[in-house]
Visitor: 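To start, I am sharing the structure in question, which I have written as structure tokens.
In this text, all values refer to a predicted model and were calculated from it rather than measured experimentally. We're numbering straight along the sequence, starting at 1. Indexing begins at 1, ligand by ligand and atom by atom, following the structure's order.
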Amino acid sequence: MGEIITRFPPSPTGYLHVGGARTALFNWLYARKTGGTFILRIEDTDLERSTEASVQAIFDGLEWLGIDWDQGPFYQTQRFDLYKEVIAKLLEEGHAYWCTCTPEEIEEMRETARANGEKPKYNGKCRERHLGPTEGAVVRFKVPLAGATAFEDMVKGRISIPNAELDDFIIQRSDGSPTYNLAVAVDDLTMKVNTILRGDDHVNNTPKQILILQAMGETVPTYGHVPMVLGSDKARLSKRHGATSVTEYRDMGILPDAMINYLARLGWSCGDQEFFTREDLIEKFNPDHIGRSPGVFDQEKLLAINHDHIQQKPAEEITEALLPYLEKAGIQVADRDQLVKAVKTLAPRSHTLVEMAENARFYFEGIKEYDPKMAKKAFKPAAVDALLAMKEALAAVDEFTESHLEAPFHAVMEKLEVGFGKVAQPLRLAVSGTGASPGMYEMLEVLGKEETLKRIDDAVAHIRALG
Ligand code: GLU
Ligand code: ZN
């Protein structure tokens, strides 16, 4: 085939939906894997539903996912002259004709067909009338009466539609604008697209687009129709299942690499592998392994994958990704190195960056309130002795790093003749405010000596004040 040329042609009538993002991803991965070209095309011919804000939302979504394009964005509304030229040529060569039938006449044809037990469709009345352009006339494509239009779908296998089942469909509306199928066929041809992966909601359009391409004497691209993404109840994924816009997942604190990992696996597989880095996906993606059954969107699974990516990536990279979420949570961090260390302690217990930012709060903001349930257990009067002994032992540590912080605990346990819990519980609550914090020694290292001692003092004062 030579160079693989794929495209993503969203209609800008809303945000970037997870289904659309997956389609974009498959086409992008295939182009990147093969060293081909990925084209972005904005299908904005529906002037009433297309908005500038949606175009921007689509750019934002793609940019966040790290899906970049080699050509475009092309806008169909800027290509009307080209579509007109093609329509004129199809008319001239007898592949299309003018039709002046009124909506009432068309309705009548449909009813007659229905009454005869046939598929309701336009009956070809104007096909041989050789009409010219008149006010209100449309242009119809002359579908061959016999034979079938067939293609080898990369996902579904061979698909063959008898031409007799197809309408002489409209390619130019009465207002002179091209229809969707005409514009897509012309664009795919002129942009030299040779591989089309798209949702199987378009499978019925494919024979029409193929017929137009064949009428223009052109070779037809390879198509692969991907089953729709479903919600947990097996209905097509929609808002009532939860977030469907990719940027909502960004706002929830999903990493773009986790999102593309999850989206890729939603309909494509590579053996039993679940975790893929971006490079992995590019290396291993193969449209032959797109599944025939629809993927079911499962937010829990996405969170689990995100958790894996948070753990696998270098802490420095997660720190960078975390910054906007900290800012949004109003958490100010002065010391970047300290933040990287904090991230290392939080990564194993965070499913999203939003959660991680929240979990990081105690490091940087001090304790506003001790978890009341924990305090009941851990802040008994006897805890004061343990805390003060720990303060003394920790104050004597010169190098305040994880590996040097275990010994003082053992010294205090021996001195007070108590177990680890009696010392660690009040201390954990004193420095973190909760019972569920990162590992003790790593946490203390992140806090640093001065802050740790100060928090112990505060806790002691708090317990004494309780009486
Ligand atoms: N503009 C179409 C859509 O958003 C895409 C059509 C195609 O992939 O050919 O559904
Ligand atoms: Zn007609």
Visitor: Quick one: nearest non-hydrogen protein atom to atom 5 (C) of ligand 1, plus distance?
Guide: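 Closest protein heavy atom to atom 5 (C) of ligand 1: P9 O, 3.3 Å.
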Visitor: Do you know which of S11, S54, P10, P9 makes side-chain contact (heavy atoms from CB on, under 4.5 Å) with I42?
Guide: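 Only match with I42 under side-chain contact (heavy atoms from CB on, under 4.5 Å): P10.
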Visitor: Given atoms SG of C99 and SG of C101, what angle do they subtend at the Zn ion (ligand 2), to the nearest 10 degrees?
Guide: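 It comes to 110°.
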Visitor: Fit a plane to each ring of F297 and Y262, take the angle between them on a 0 to 90° scale, and name the class: parallel (under 30°), tilted (30 to 60°) or perpendicular (over 60°).
Guide: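 It falls in the perpendicular class, over 60°.
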Visitor: Check whether R140 reaches the backbone of D168 with its side chain - one donor and one acceptor, N or O, closer than 3.5 Å.
Guide: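 Yes.
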Visitor: Geometry only, no angles: is V184 polar-contacting ligand 1 at N/O separations under 3.5 Å?
Guide: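 Min N/O separation from ligand 1 is not below 3.5 Å for V184.
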Visitor: Is it true that atom CD of E327 has more than 12 heavy atoms of other residues, nucleotides or ligands lying nearer than 6.0 Å?
Guide: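 Result for CD/E327: open.
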Visitor: Any N/O/S of T100 under 2.8 Å from the Zn ion (ligand 2)?
Guide: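 Short answer: no, not a single N, O or S atom is under the cut-off.
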Visitor: Please determine if K33 forms a cation-pi arrangement with F285, meaning its NZ or CZ atom is less than 6.0 Å from the six-membered ring centre and no more than 45° off the ring axis.
Guide: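 No.
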Visitor: Taking only heavy atoms of S11 into account, list the atoms of ligand 1 that are under 4.0 Å away from them.
Guide: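 Once the distances to S11 are compared, the set is 1 (N), 2 (C), 3 (C), 4 (O).
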Visitor: Record the part of R7 in heavy-atom contact with ligand 1 below 4.0 Å; permitted values are side chain, backbone, both and neither.
Guide: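 The side chain, only.
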Visitor: Q209 versus ligand 1: do any nitrogen or oxygen atoms come within less than 3.5 Å of each other?
Guide: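 No; the residue has no nitrogen or oxygen that sits under 3.5 Å from a nitrogen or oxygen of the ligand.
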Visitor: Hey, is Y180 one of the residues with a heavy atom under 4.0 angstrom from ligand 1?
Guide: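 Flag set, Y180 near ligand 1.
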Visitor: Side chain of R292, backbone of V155: donor and acceptor closer than 3.5 Å?
Guide: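 It does hold such a pair.
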Visitor: Run down the list E43, H225, R198 and name the one with the heavy atom closest to atom 9 (O) of ligand 1.
Guide: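 Among E43, H225, R198, the closest heavy atom to atom 9 (O) of ligand 1 belongs to R198.
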Visitor: At what distance is the nearest protein heavy atom to atom 10 (O) of ligand 1, and which residue and atom is it?
Guide: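 Closest protein heavy atom to atom 10 (O) of ligand 1: H202 NE2, 2.9 Å.
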Visitor: To the closest 0.5 Å, what do you measure between CD (E105) and SG (C126)?
Guide: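 So the CD of E105 and the SG of C126 are separated by 7.5 Å.
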